[in-house]
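We number each residue from 1, following the sequence as shown.
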Amino acid sequence: MKKLTIYSEIAYLFGIFLLALGNSFSAFADFGMSMVVAPAYVLHLALVDILPWFSFGVAEYTVQALVIVALIVMTRRVKVRFFLSFGTTLIYGVFLDVVMVVVSLLPSLFVLRVVAFVLGFLLSSFGVAILFTTYFPPGLYEVLVQEIVGKWNLKLGVVKTVYDVCSLLVAVAMSLLIFGGLQGIGVGTVVCAFLNGTLIHLFGKVYNRLFAVKDALPWRPFFEGKR
């Protein structure tokens with residue numbers, strides 16, 4: 001079967017949009033966010049009533065800015081790659097805040113919440129799978145994992161698992177301290193923990209079978225050369 005051609009730049013924006021849409025659906029469903037975004041979501045819930053402008057997207061900027069600081073301290077270097085990855089976060093945050101407004105207009109019916117949870121889970125995984133096929137830098141969460149793997153020559157799967165668990169523990173601690181209970185964390189978080197990696201892998205295989213990714217702009221050497 002002949003593959004369809006898709007440009008990296010379009011795939012990049014489409015992947016970010018799907019990720020933002022998926023996380024917006026997950027927030028609407030309220031069955032629990034993924035471990036990766038849970039700390040930012042809890043921070044958003046904690047401050048949005050006091051600071052109405054502190055959206056989910058702004059919370060992501062804040063948390064990932066802290067990740068940049070951690071990366072600089074850990075590597076003892078200021079890498080262009082860190083700030084390019086933050087650019088991905090900025091685009092994602094804009095998409096996220098716009099889509100969150102639209103999704104919030106849906107009626108809060110249990111059936112719709114279940115559908116939103118399933119769609120959110122699938123779309124988020126598909127979005128990440130698409131992003132991995134482009135030359136643009138991933139979000140800072142992935143960069144942090146990659147930097148730890150490279151610096152100490154550790155296994156990617158082990159580091160990713162440890163990071164996800166630490167992210168979950170941070171979110172749980174924040175939620176308990178701020179709300180006295182769990183907010184933004186639930187059965188959906190557990191489902192994501194067990195199935196997210198597998199779905200991203202499967203979606204990636206299907207995507208690569210259907211599409212041939214090409215570059216429309218001569219930017220690949222710049223983005224891939226700034227490690």
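- Applying the salt bridge (charged side-chain N to carboxylate O under 4.0 Å, His left out) test between E147 and each of K79, R76, R77 identifies K79 as the sole match.
- Looking at S175 and Q183, their side chains never bring a donor and an acceptor atom within 3.5 Å of each other.
- A59 and A40 make their closest contact through CB-O, 3.2 Å (heavy atoms, listed as atom of the first residue, atom of the second, distance).
- Across Y61 and L90, no two heavy atoms sit closer than the pair OH-O, 3.2 Å.
- To the nearest 0.5 Å, atoms OH (Y92) and CG (D97) are separated by 9.5 Å.
- Placement of L144 and V73 in two distinct hydrophobic clusters is found when ILVMFWY residues are connected by side-chain heavy-atom separations under 4.5 Å, directly or transitively.
- In the hydrophobic clustering of this structure, V48 does not group with M33; members are Ile, Leu, Val, Met, Phe, Trp, Tyr whose side-chain heavy atoms approach within less than 4.5 Å, directly or through other members.
- Side-chain contact between L45 and F56 is absent, with no heavy-atom pair separated by less than 4.5 Å.
- Figure legend: R113 and F31 shown as a cation-pi pair, the cationic atom lying under 6.0 angstrom from the six-membered ring centre and within 45 degrees of its axis.
- The hydrophobic cluster around V165 extends to L169, counting ILVMFWY residues whose side-chain heavy atoms fall within less than 4.5 Å of a member.
- Side-chain contact check for V58 versus H44: every heavy-atom pair is 4.5 Å or farther apart.
- For the pair L96 and S24, the minimum side-chain heavy-atom distance is below 4.5 Å.
- Looking at P137 and E142, their side chains never come closer than 4.5 Å, going by heavy atoms from C-beta outward.
- Note: I148 CD1 to L154 CG = 8.0 Å, rounded to the nearest 0.5 Å.
- Between atom CD1 of residue I91 and atom CG of residue L19 there is a gap of 12.5 Å, rounded to the nearest 0.5 Å.
- Residue K205 places its NZ atom among 12 or fewer non-hydrogen atoms of other residues, nucleotides or ligands, all under 6.0 Å distant.
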### Task
In sequence, state the C-alpha distance, the side-chain angles, and the governing distance for N23 and Y41, and then conclude on side chain to side chain donor-acceptor pair (under 3.5 Å).
CA-CA 10 Å; N23 282 328; Y41 188 64; over 6 Å; no

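- Under the 4.5 Å side-chain heavy-atom criterion for grouping Ile, Leu, Val, Met, Phe, Trp and Tyr, V118 is connected to L195 within one hydrophobic cluster.
- By the side chain to side chain contact (heavy atoms under 4.5 Å, CB included) test, A216 pairs with Y7, E9, sequence neighbours left out.
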### Task
Decide yes or no on side chain to side chain contact (heavy atoms under 4.5 Å, CB included) for T62 and F54, but give the supporting numbers first.
CA-CA 10 Å; T62 303; F54 200 85; 3.8 Å; yes

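- Between the side chain of S85 and the main chain of P138, a donor-acceptor pair closer than 3.5 Å is present.
- Hydrophobic clustering of Ile, Leu, Val, Met, Phe, Trp and Tyr side chains at less than 4.5 Å, counting indirect connections, unites F86 with M74.
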### Message
Assess the residue pair R81 and V143 against the criterion (side chain to side chain contact (heavy atoms under 4.5 Å, CB included)); give the C-alpha distance rounded to whole Å, side-chain angles, the decisive distance to 0.1 Å, and a yes or no.
### Response
CA-CA 9 Å; R81 184 188 186 203; V143 172; 4.1 Å; yes

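- For the atom pair W53 CH2 and L47 CG, the distance stands at 8.0 Å (nearest 0.5 Å).
- To the nearest 0.5 angstrom, S55 atom OG is 10.0 Å from E60 atom CD.
- Residue Y135 qualifies as enclosed at atom OH: its count of foreign heavy atoms under 6.0 Å is above 12.
- Here F117 and F25 keep their ring centres 6.0 angstrom or further from each other.
- Applying ring-ring contact (aromatic ring centres under 6.0 Å, His included) to Y12 and the options F136, F223, F95, W219 leaves one that passes, F136.
- Applying the salt bridge (charged side-chain N to carboxylate O under 4.0 Å, His left out) definition to pairs two or more places apart or across chains, those involving residues 155-183 are K160-D164.
- For the side-chain hydrogen bond (donor to acceptor under 3.5 Å, both in side chains) with N196, the lone residue among S34, S125, S124 that qualifies is S125.
- Counted by atom type alone, Y141 and S167 present zero donor-acceptor pairs between their side chains at under 3.5 Å.
- Checked against a 6.0 Å centroid threshold, the rings of Y207 and F211 count as neighbours.
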#### Entry: side chain to side chain contact (heavy atoms under 4.5 Å, CB included) between L210 and L4, intermediate numbers included
CA-CA 6 Å; L210 297 177; L4 299 174; over 6 Å; no

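- Once rounded to the nearest 0.5 Å, the distance linking CG of L13 with CD1 of I130 reads 11.5 Å.
- Linking ILVMFWY residues whenever their side-chain heavy atoms come closer than 4.5 Å, directly or via other members, places I50 and V63 in the same cluster.
- Residues Q64 and G139 come closest through the heavy atom pair OE1-C, 4.1 Å.
- Considering all non-hydrogen atoms of both residues, T134 and S8 come closest at CG2-O, 3.6 Å.
- Contact detail for K214 and T5: the closest heavy-atom pair is CD-CG2, 3.9 Å.
- A 4.5 Å side-chain heavy-atom check between L182 and V172 finds at least one atom pair inside the cut-off.
- Side-chain contact check for F82 versus T75: some heavy-atom pair is nearer than 4.5 Å.
- Inter-residue side-chain proximity for L199 and F121 is flagged as met; some heavy-atom pair is nearer than 4.5 Å.
- Inter-residue side-chain proximity for F28 and S104 is flagged as unmet; no heavy-atom pair is nearer than 4.5 Å.
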